[in-house]
Every structure is written in C-alpha cells, then in structure tokens.
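Below you'll find the structure, written out as structure tokens, and then a few comments.
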Amino acid sequence: MPITINAGQRIFKLDTPNTSYICAVSDEPGYLGHVYYGTRIVDEDVTYLLRTAENPYVPSQNRRDKLSFMDCYPFEYPAHGTGDFRECALKVRTEEGYTACELHYAGYSLEDSVSGPMPGVYGENGQVLTIELKDECLGLKVLLKYTVFDDCDAIIRHTEIISTGMTLYLERALSASFDMDNDGCELITLNGTWARERHIDRKPIAHGFQGVYSGRGETSHQHQPFLGIVSKDCTYISGEAIGVNLIYSGNFYAGVYEGQFDNLRIMTGINPEDFEWKLGAGESFTTPQTALVYSKEGLGGMSRAFHDLYRNHLIRSTWKDKARPILINNWEATYFDFNEEKLLAIAKEAADSGIEMLVMDDGWFGRRNDDNSSLGDWFVNEDKLKGGLKKLVDGVNALGLKFGIWFEPEMISPDSDLYRAHPDWAIAVPGRTAGLARNQYVLDISRKEVRDHVFKVLSDILDNANIEYVKWDMNRPLSDLASLELPADRQKELSHRYVLGVYELQGRLMERYPGLLLENCSGGGARYDAGMLCYSPQIWCSDDTDAIERLMIQEGTALVYPLSTMGAHVSDCPNHTVGRVTPFETRGYVALAGTFGYELDITRIPAQDRAMIPGQVKMYHMYHELVAAGDYYRIASYSENRLYDSWMCVKKDKSGALLTFIQVMGRANCHSRRIKLQGLDPGKTYRIYRFDMESVSEQPYGPEKAYRGDTLMNAGIIINSLWGDYKGILLHIISEGS
Ligand code: DGJ
C-alpha cells in the first residue's frame, strides 16, 4: 500500500507510483518536520535531511537558544508565536488575546478508505494517514491528513483543528505547508483579468514572500490557487516541477517564503486576510484540501498528474466520462434581445446542423432586458417567452435538441421583487450603502433561509420543464462584508461560510437532479477551480471566445485542469471581445480542446461558416474521447514563441493521438516547420492522417509510410506551410494494427 510508517522512528513515508513524500518527528519535544518530496525512493530513513545533527540549537541539547532552532527547522505545519518567524500555517488566539502556539507530535492513525471534506477527493484505492499534533497549553489538537491513491502521483492534504478545552480563534488555518531547499527554483502562477484569465507567469524565487491570493470571495479572474515550483531548467518535457493546487472556490492564499538559509516554505489555504474562525470548546474546523504533485518530467508530467487526479478522484458528475452534448448558447448571439421565436429559429438551424442542445442564457426571467434588474426574480418573462418555459422547452425538444438554462442564483438586483421583499438578504454593512457591481448585490448565501429560498426557486423551474443543463453564473465579487445572522466575533467567518453555502446548494442540486449537466461560470472564468469541479464536470473558461486569446487562456488552464473541464465555444467574428477575425475552421480546432460548443446566431453567420458546422460536429464525435480521456502533451507555446501553438492528446494505451497545430503568425520565407511529437510508444509504428474539413474525412499526411514512435518523437514531423495567419491543422496519429 502507498503509506509506510516506521512507528519506532516516527517516520511517515507516502509513496505514489513515481513519487515519495516523507515527514518525520525529531527528538524531544517532538516536532514534525518535512523531510523529502520528490522522485520515488526506497529508503524511508532519510531524516539526516532534517539537519538536526548539524544544528547546535536542538532544544533537547541546548535550551538556551530554542528560538534559533524554531526559526530554521523545516516544520511540516508551522505555528505562529513561539520562535518560527517565517510565514506560518496556523495562528491561534485565546480569549485573552495570546497568540503563542507550539505543536508537538502526539500520534497517528491510518485508514484504508478515503473520506474527507466536500469538496474533496474520493476513491476506493486510497489510504489516509492522520498525524496528530498537540499544543497542551491551548488544549489544541491539529490533525494533518494525507490522502494517497495507488494510481495517481498526487498527495492530497488537509488539516482538522480541534479545540478540546477553551474557546479559541483561528486567525490563520492553512491547508498545508512544507519546507524545502531553494535550489534556484522558479515560481509559476496563473494570472490575468476578465477575458484574459490564467496566463502563465514565471519568475525566479527570491528571498522574502512571493505569492498570489484572492480577497474577492471567489477564486477570481486575477489569480489561481495554484503554485508551480520548478527547477530553472524545467520545460514542458523535462526538469523538476512541484504543483500545488487548492481545492477551494473562495478567498485563497498561495505563496512561497524564502528564508535566511535559502530554504523555501510553500503554503496554501484560505486567505488569512479577513478570515477568523471561532472554535468553542469541543468544536473543530476543517480546512479545504490541497493537491500536491511532483514531476521530473517537467510541466507536462505535472499537468498529467493533476488531470488524472481530477478525472479519476475529484469530478463526480454522471457526465464525467461521457461525451457532453454539443451546445449552442444564445449569449453572444442575442444578448438580452431574444424571444421564443428567435430561440426556436436558432434551435431549428442548430438541429439541422447536428448540434445537440440549446442553452438559453441571461435575460429570460423577471423584467430583465438588460443587466440592471430582476436577479432574484426567477419566474419566466412571458413577454419574451410567450406561453412560458415549458412550451419553449417542449418546442426545442421536438426539434431533437436538449434544453439548458442560465441562472445566477447567488445574486439580487436592487430592482427586483426579491430585494423589495428582503433587502436584508443582500450582503451589506448596516448603515453603509453597499457597493454595486453590474448593478447587483450578493445574496447572503451563508444563511440557511436564503439558501432554502434559492433552492426552491431553482427547483421550481427545473421541475417545470425538461431542463438537462444548468449554467450557474456569478458576476460580481463579494464586498461590504457583513452577515446579519453572525455575532461580532464571527463576522470574519462570512466569506468561508458563503463558499460552504454555495457548495451546499450545488450539492443539493446534484443530489436532486443527478443527471443534470452543471457548468459553473463566473463572468467567464473567475470560478475555475478544483472546488467547483466536485459539482460540475465543466466550467466556462472565459468570456473571451477569440481563438487566439483562447490559446493562452487554455494553455494556462490545462496546466492544472483536464481538457474535459474547459468550456470552449466557437463564436462569430469579428470577435466580440477583441475584434479579431479568425477562420471558422481554426475556431473549431481551438474549441475542440475543451467541451466544444457554439456561441453565435447560427441563423445569421456567413453561409460558408454555417456549412462547416456539420463537419465540425462530426470532428467532435471523432476525437472528443481522445481529448477528454487522453494524456495531454504541450508541443509548442504561442505565449512563449509568439508564432505558433501546438498540443497533443494521446490515448492511454498509446494506440492513437491527436495533434493540433495553430499557426498564429505567418512568417516570411518560412516554408514549413518541424515539430517533435510526444507521448507515443517509441516501439510502435504510426501513420499520420490529416483531418480534412472540406471532405470531413481523414487524408494521409506527409510521406506515405509508417514511422516508429521514437522517430516521430526525436526526429519529428514537418508541418507544411500554412499560408496566412491564424491557420490550424489537426493530425490523427494512429498506431498500425489498432
Ligand atoms: C457572464 C458569462 O460568462 C457569460 O457567458 C454570460 O452568461 C453573461 N454572464 C450573462 O450575463
């Protein structure tokens, strides 16, 4: 099994197929230290790495300089206030206002079944190690939980904090922390803004603190709860990479601290800013889980480990491994200006082209003709949809299409019946006018009565018609924090309670409608995170549907999240966000790297584009399984080379692969380009076919001969000149005999 415990020496070793993670307890008074995280090794006793032998200040030998020991020991879960002056994982305050805390080892337990907080991982083939730490003075118990599966190169950590004696306030309660030497490492984070989410940022790690966080009550467009700590020579193919990804959808914190001895502390959890949790005697607090991944196959290996973990042990939907229906969403087609006639016309044309579902976006309820009103009034606007929702859904179904609907359940417009009836349900500080964003407030989802109301109105709509998909949107961050139900010493619990409320609502929804396909969204991709993936197998990636901007957004997203989760649509041109004009064919190739759908008025786009849709639909059905279930390899990055982009999806048994190549910028006097494939079986022979959009069939590509995988991966293949900018090509690589 993956976890080995040397009880005598108090060494804990967690093995995954290719990695080992080791922590151990040092001598009296028993501090838990981080020993090793890296390539799988056999020896378990490598505790010399704790450096206690070379440390003249070990408290058991030299009490007069304990603080020097505390400030350099590689604590596995560092606590604040007793001499470790670096950033810490835990800060506790007593009612008197004291903040000193010191954690000592108190025992362990091992379970052969995986159970943990929601959102979180699950699976039959895992073990959970619990290491118990204690602060006797505070009556505080800290349980460090480590989950490991035997089929996945990931360690999943979280922490449970229990007060056994007195009331305590958690000022900081991170999910995980561990220390390592900084050997010239670099830090990768994913940053951006609305319509430009998750661009890859890489910089050397320097002394002091570097990191990212969200204080917006959601993950945010701006930063991701992800850290990549990579060796300087790390590429997509080689070098060392540690990935850290918090499974959470609210205010997060993810950072590294390089201390005076060039050592690194890597930390992640709920953002301590504006957070505090009151723990009464006997109460406990559970942090979100965080996934750790180590790869010596560079960033590519790191991504594949995250993808496998999330596909096999996190995403729960009944749609997880199924082909998602190709949808057409009316947002960019009509915005708020639609009625049932328009929608049915789109549905009719879509059905004729092979599209499988119509999604009715924002604007179908209350009196919502723009974004100034009606959030909260979830009854159908019969001025727009004459005869009601059921009639429309039945009409769409009669055309052979499924029906999906948009909601923004967490919001309330000041101009709404709901606000007029319950102004106190909006988050606002009493006596202070709360700030609006998109002319809306946020409902206090931490309150049960509010959640119950939201659930009722949602289920009334879903029970009324055959709705098979929900897009759950959230279009503003939280501000002006106050909850009328919380006492003063619990106000700082609101942001986390809010997120727990959202999870509870989505959990309830999925329990009542297990077959529902849920897609999370937040003004594009502000809630693209692993927490949301527990409830929805796909998330809207970005409001930017431009194929070229999407190359960068999707590259950053795929660094952590499986392609099967990336909401990606073909839209009309000039693109509504950046004004760029790209070939319809290329837009299809880029959307194929995600869930694949359309976001345009199919009745009005150019005839030659519309004529291509049946072929694209066929293309999706030919290749979606490779994309959704395959191993992802990055061949080239436009964000690095500013010329072209390329990626591959390889079948797990290596019998086939799909290569996408997008030439973003044509280059003068550059007739062709050689690229090296990845992920194939070196000993298998492969033939290459090009997907021909015109004939919607595969045509032999390159020399009419089969080549071994090692040739294709080392010598490479030639991509023939693609005349012009924004051109794409799709190659199917098939092993002989398969
Ligand atoms: C933001 C989403 O990202 C869009 O796709 C669309 O649903 C709008 N909200 C609707 O208001």
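Counting starts at 1 for both ligands and their atoms, in listed order.
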### Among R476, R447, R527, R451, salt bridge (charged side-chain N to carboxylate O under 4.0 Å, His left out) partner for E410
R527
### Query
Are any of the N/O atoms in R438 less than 3.5 Å from those in ligand 1?
yes
### Query
For ligand 1, is there an N or O atom under 3.5 Å from any N or O atom of F336?
no
### Task
Tell me which part of K471 gets within contact of ligand 1: side chain, backbone, both or neither, using heavy atoms under 4.0 Å.
side chain
### Query
Taking heavy atoms and a distance under 4.0 Å, where does N475 meet ligand 1: side chain, backbone, both or neither?
side chain
### Query
What distance do N251 atom CG and E273 atom CD have between them, rounded to the nearest 0.5 Å?
9.5 Å
#### Entry: Spacing of CG belonging to L314 relative to NE2 belonging to H307, to within rounding of 0.5 Å
12.5 Å
Which of the atoms of ligand 1 are close to [X], meaning less than 4.0 Å from one of its heavy atoms?
{"X": "C521", "result": "2 (C), 3 (O)"}
{"X": "G523", "result": "1 (C), 3 (O)"}
{"X": "W540", "result": "3 (O), 5 (O)"}

What is the nearest protein non-hydrogen atom to [atom], stated with its residue, atom name and distance?
{"atom": "atom 4 (C) of ligand 1", "result": "D543 OD1, 3.4 Å"}
{"atom": "atom 7 (O) of ligand 1", "result": "D361 OD1, 2.6 Å"}
{"atom": "atom 1 (C) of ligand 1", "result": "D473 OD2, 3.1 Å"}
{"atom": "atom 11 (O) of ligand 1", "result": "D362 OD2, 2.7 Å"}

### Query
Once the angle between the rings of W378 and W364 is folded into 0 to 90°, is it parallel (under 30°), tilted (30 to 60°) or perpendicular (over 60°)?
tilted
### Task
Take every heavy atom of M474, measure it against each atom of ligand 1, and state whether any distance is under 4.0 Å.
no
### Query
Would you call R550 and D645 a salt bridge, using N to O less than 4.0 angstrom?
no
### Task
Decide whether a cation-pi geometry holds between R642 and Y638; the criteria are a distance under 6.0 Å from NZ or CZ to the six-membered ring centre and an angle within 45° of the ring axis.
yes
### Message
Run I605 and Y598 through side-chain contact (heavy atoms from CB on, under 4.5 Å) and show every step you take.
### Response
CA-CA 12 Å; I605 56 171; Y598 292 88; over 6 Å; no
### Query
Is the number of heavy atoms from other residues, nucleotides or ligands within 6.0 Å of CZ (R368) greater than 12?
yes
